[in-house]
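So the structure is just underneath, and the comments pick up after that.
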Amino acid sequence: GLESEDTTQQFALLVFEKPIIVPKHSVMIASRLDKDIHANSCRIAFYGHLLQPIDTTSRDSIHADLKVYKTKIKQGAIDRIYDKYTLLGKDLFKKETDMSLFIGMKVSKENGEIGVISSSFGRSGKFKIDFKTEQTSASGPLCLEMKRYIYD
């Protein structure tokens, strides 16, 4: 047997030629009927739980129902201390970036401390980051991890 179980979840969108009737949260098992039944191989194509039925007749419906994203990580740096609880960040955004899209997003420091982008600073792509604790280090990397939705 297996010594440890892999807990990674994988999801798939299955589109069939003809509609099928399957209750929500049912276990689905599909076989490869084109394989030789006498061959020494597994004929199971896939199995899993149906999480959400989707109307595939409308492409807009598929995109609205699926929340598929890629994780994007942007790296910048601390520019300087602005006040006790605020740092200025740099090198994360271009000067033409609309900062209103990023206000409220969390940024992490090298030590794992989390701050929140509160506003832009000047016109060069710098920004303010508010922290709950007093800031003493004016150098080091910053990391912004975000989800980029595929169908937006």
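Keep in mind that the numbers below use all heavy atoms, side chains included, and drop hydrogens, waters and symmetry copies. Numbering starts at 1 and runs along the sequence shown.
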CZ/Phe102: more than 12 non-hydrogen atoms of other groups inside 6.0 Å: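 For Phe102, atom CZ is crowded (more than 12 foreign heavy atoms under 6.0 Å).
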Over 12 foreign heavy atoms within 6.0 Å of CD1, Ile44: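 Counting other residues, nucleotides and ligands, CD1 of Ile44 stays at 12 neighbours or fewer.
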Working for side chain to side chain contact (heavy atoms under 4.5 Å, CB included), residues Lys109 and Ile78: CA-CA 9 Å; Lys109 290 175 45 179; Ile78 297 170; 4.3 Å; yes
Side chain to side chain contact (heavy atoms under 4.5 Å, CB included) assessment of Arg80 paired with Leu87: CA-CA 6 Å; Arg80 66 178 192 262; Leu87 296 177; over 6 Å; no
Once rounded to the nearest 0.5 Å, what's the spacing between atom [atom1] of [X] and atom [atom2] of [Y]?
X	Y	atom1	atom2	result
Ser124	Lys94	OG	NZ	15.0 Å
His49	His25	NE2	NE2	10.5 Å
Met99	Met105	CE	CE	10.0 Å
Ser137	Glu113	OG	CD	9.5 Å

Ile117 vs Val107, side chain to side chain contact (heavy atoms under 4.5 Å, CB included): CA-CA, chis, key distance, verdict: CA-CA 7 Å; Ile117 298 174; Val107 177; 3.4 Å; yes
Side chains of Met28 and Val22 in contact at under 4.5 Å (non-hydrogen atoms):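 They are in contact (side-chain heavy atoms under 4.5 Å apart), so the answer is yes.
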Distance under 6.0 Å and angle within 45° of ring axis: Lys84 vs Phe131: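 No, Lys84 and Phe131 do not form such a contact.
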Could you go through residues 139-147 and list every donor-acceptor pair under 3.5 Å that involves a side-chain atom there, pairing it with any protein atom two or more places apart or in another chain?
none

Check: Asp79 main-chain N/O paired with Lys90 side-chain donor or acceptor under 3.5 Å: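 Side chain of Lys90 to backbone of Asp79: no pair is present.
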Ser26 (side chain) donor-acceptor with Pro23 (main chain) under 3.5 angstrom: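 Flag set: sc Ser26 to bb Pro23 pair under 3.5 Å.
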Minimum heavy-atom distance Gly76-Leu92, with the two atoms named: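 So the minimum-distance heavy-atom pair works out to N-CD1, 3.4 Å.
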Where Asp91 and Ala77 come nearest, the two heavy atoms and their spacing: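 In this case the closest contact between Asp91 and Ala77 is OD2-CB, 4.3 Å.
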Chi angles and distances behind the ring-ring contact (aromatic ring centres under 6.0 Å, His included) call for Phe127, Phe93: CA-CA 9 Å; Phe127 53 97; Phe93 307 107; 5.2 Å; yes
Verify same cluster id: Leu101, Ile129 (apolar side-chain graph, 4.5 Å):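 Cluster IDs for Leu101 and Ile129 match.
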ILVMFWY cluster, Ile29 and Phe46 together (side-chain gap under 4.5 Å):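 The answer is no; the residues belong to distinct hydrophobic clusters.
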Evaluation steps, side chain to side chain contact (heavy atoms under 4.5 Å, CB included), between Asp83 and Gln135: CA-CA 8 Å; Asp83 64 31; Gln135 298 299 302; over 6 Å; no
Contacts of Lys128 that satisfy salt bridge (Lys or Arg N to Asp or Glu O under 4.0 Å) - sequence neighbours left out: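 Residues passing salt bridge (Lys or Arg N to Asp or Glu O under 4.0 Å) with Lys128: none at all.
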